[in-house]
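Remember, it's 1-based here, ligands and their atoms both numbered in the order they're listed.
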Amino acid sequence: MPSPPRVVVLAGGVGGSKFTLGVRGALAARGVADTAAQLTVVVNTGDDLWLSGVRLQPDVDSIVYALAGVNDTVRGWGRTGDTERAGHELQEWGAGWPWFTLGDLDLGTHLARTGWLREGFSPTEVIERMSHRWPLGARLLPMTDAEVDTTVTVRDAACGQQRDLHFQEWWTRHRATLEPVRFTNPGVEAAVPAPGVLDAIAAADVVLLAPSNPVVSIGPILAVPGIRDALRATRAPVVGVSGIIGGQVVRGMADVCLRAIGVETSAAAVAGLYGARAGAGLLDAWLIAEEDAHLAPEVDGLGIRPLVTPLWMTDAATSAALGEAALAAAGV
Ligand code: FO1
């Protein structure tokens with residue numbers, strides 16, 4: 001058997017975790033026993049926040065929980081079967097955000113993480129520790145150890161003035177209804193990629209961009225100095241997967257984010273946002289849905305090889321089929 005490919009996935013929360021499960025499933029279906037040795041996931045930490053004294057890493061936790069099989073698949077975040085007693089108690093105290101739910105089991109994760117951070121472990125080391133509890137079948141790395149939480153600048157419709165919100169307040173409380181002007185990650189210019197990120201990209205046989213929000217999930221990863229250059233320099237093909245199917249976002253509110261940066265909600269427009277590695281961009285190939293097959297010539301015209309394939313990840317089998325299609329697109 002040829003040696004299994006070394007795969008790097010850049011990922012955000014829900015789309016990222018489903019896709020990572022799919023890639024892990026595809027590797028397992030090829031007979032790879034130790035998928036963790038082959039699969040590295042670089043996770044967006046722009047969604048992170050401090051709340052009631054604890055550090056939350058929503059995208060990291062979504063991927064950890066999904067790979068461990070303990071995620072709430074209905075709600076899309078947190079632990080399955082969780083309760084909210086501690087969260088209600090926090091609300092009685094007037095602590096935290098009343099519109100942001102902290103599940104009891106989830107809170108255990110945040111307490112463990114915060115304790116380790118307070119003891120001096122880096123986010124990378126904390127995630128490594130978290131990976132010991134369950135056999136995740138993947139190595140998870142934060143994009144950076146720096147705190148570069150995403151800020152959304154919105155325009156207040158009433159007075160026309162601009163103000164800044166933490167991403168989670170904009171996303172969860174306002175459900176992206178406040179008009180975004182820009183998304184920033186304060187401090188990211190001075191951040192460095194987490195240990196292992198650049199080496200993993202350089203040593204990869206394929207790099208995959210998950211069908212995550214291109215603006216607020218993949219965008220912050222690419223904003224960490226050094227990561228974009230590493231993607232352009234790696235000898236591995238870079239293959240992206242569209243999170244837009246039939247001109248609609250699959251989940252989340254990526255259309256609002258795209259509109260804010262002047263990009264149309266279309267699979268071809270997102271390919272254009274990432275750009276062709278043959279030009280000044282990142283992609284060698286771009287997986288689009290059958291519903292968007294008519295956009296293939298447009299993607300091709302960007303200098304990116306389009307591949308039309310089913311993109312809906314409705315269960316383990318369809319996710320693994322997509323994972324396999326992404327690996328096959330890279331010829332590995
Ligand atoms: N999303 C919500 O819509 N409401 C919540 O109350 C909420 C709580 C929450 C707690 C921990 C966590 O890890 C994620 C949580 N999310 C919640 C999801 C999260 O806000 C976003 O969907 C992601 O950050 C976007 O990827």
Side-chain angles (χ1 to χ4, degrees), residues 9-21 41-68 70-91 95-114 117 123 126-127 130 140 142-143 147-152 165-178 180 183 185 209-221 243 249-258 260 313:
V9 177
L10 270 51
V14 181
S17 49
K18 281 189 171 189
F19 183 68
T20 301
L21 276 172
V41 188
V42 179
V43 187
N44 170 43
T45 56
D47 288 20
D48 297 7
L49 68 157
W50 285 99
L51 194 66
S52 294
V54 293
R55 186 71 172 153
L56 276 66
Q57 295 199 292
D59 285 1
V60 169
D61 291 348
S62 285
I63 296 177
V64 168
Y65 294 160
L67 290 174
V70 299
N71 57 318
D72 185 329
T73 51
V74 177
R75 208 170 42 168
W77 46 270
R79 293 279 296 274
T80 185
D82 211 347
T83 47
E84 292 167 16
R85 293 192 68 198
H88 288 143
E89 193 62 9
L90 283 168
Q91 287 180 17
W97 285 334
W99 34 267
F100 200 79
T101 310
L102 290 179
D104 293 328
L105 298 175
D106 200 28
L107 199 48
T109 303
H110 310 323
L111 285 170
R113 169 169 38 237
T114 307
L117 290 172
V126 168
I127 292 169
M130 286 173 62
L140 266 53
M143 62 191 199
E147 284 183 17
V148 291
D149 306 3
T150 302
T151 294
V152 188
L165 302 177
H166 188 283
F167 168 76
Q168 290 293 348
E169 182 172 5
W170 179 73
W171 187 264
T172 305
R173 180 184 190 184
H174 297 289
R175 311 234 68 97
T177 53
L178 300 180
F183 303 91
N185 294 88
L209 268 54
S212 300
N213 188 315
V215 184
V216 295
S217 295
I218 304 295
I221 302 177
V249 293
V250 173
R251 69 191 73 77
M253 296 161 279
D255 48 345
V256 181
C257 303
L258 286 167
M313 294 184 282

- Task: Kindly determine whether L105 and Y65 satisfy side-chain contact (heavy atoms from CB on, under 4.5 Å), including the steps that lead there.
- Result: CA-CA 11 Å; L105 298 175; Y65 294 160; over 6 Å; no
- Message: Set out, in order, the CA-CA distance, both residues' side-chain angles and the distance that settles side-chain contact (heavy atoms from CB on, under 4.5 Å) for T172 and W77, then state yes or no.
- Response: CA-CA 12 Å; T172 305; W77 46 270; over 6 Å; no
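The only option from R113, R55, R79 that meets the salt bridge (Lys or Arg N to Asp or Glu O under 4.0 Å) definition with D61 turns out to be R113. Each of R85, H88, E89 was evaluated against D104; a single residue qualifies, R85, per the side-chain contact (heavy atoms from CB on, under 4.5 Å) test.
By the 6.0 Å and 45° rule, R173 does not stack over the aromatic ring of F100.
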Please tabulate, one line per pair, the protein nitrogen or oxygen atoms found under 3.5 angstrom from a nitrogen or oxygen of ligand 1, with distances to 0.1 Å, or say none if there are no such pairs.
| residue | atom | partner | partner atom | Å |
| --- | --- | --- | --- | --- |
| ligand 1 | 1 (N) | W77 | NE1 | 3.2 |
| ligand 1 | 3 (O) | R175 | NH1 | 3.4 |
| ligand 1 | 3 (O) | R175 | NH2 | 3.1 |
| ligand 1 | 6 (O) | T101 | N | 2.8 |
| ligand 1 | 6 (O) | T101 | OG1 | 3.3 |
| ligand 1 | 20 (O) | Q168 | OE1 | 2.5 |
| ligand 1 | 20 (O) | T172 | OG1 | 3.2 |
| ligand 1 | 22 (O) | W171 | NE1 | 3.3 |
| ligand 1 | 24 (O) | D47 | OD2 | 2.6 |
| ligand 1 | 24 (O) | Q168 | NE2 | 2.8 |
| ligand 1 | 26 (O) | D47 | OD2 | 3.0 |
| ligand 1 | 26 (O) | D59 | OD1 | 3.1 |

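Rounded to the nearest 0.5 Å, atoms OG1 (T45) and CG (D149) are 7.5 Å apart.
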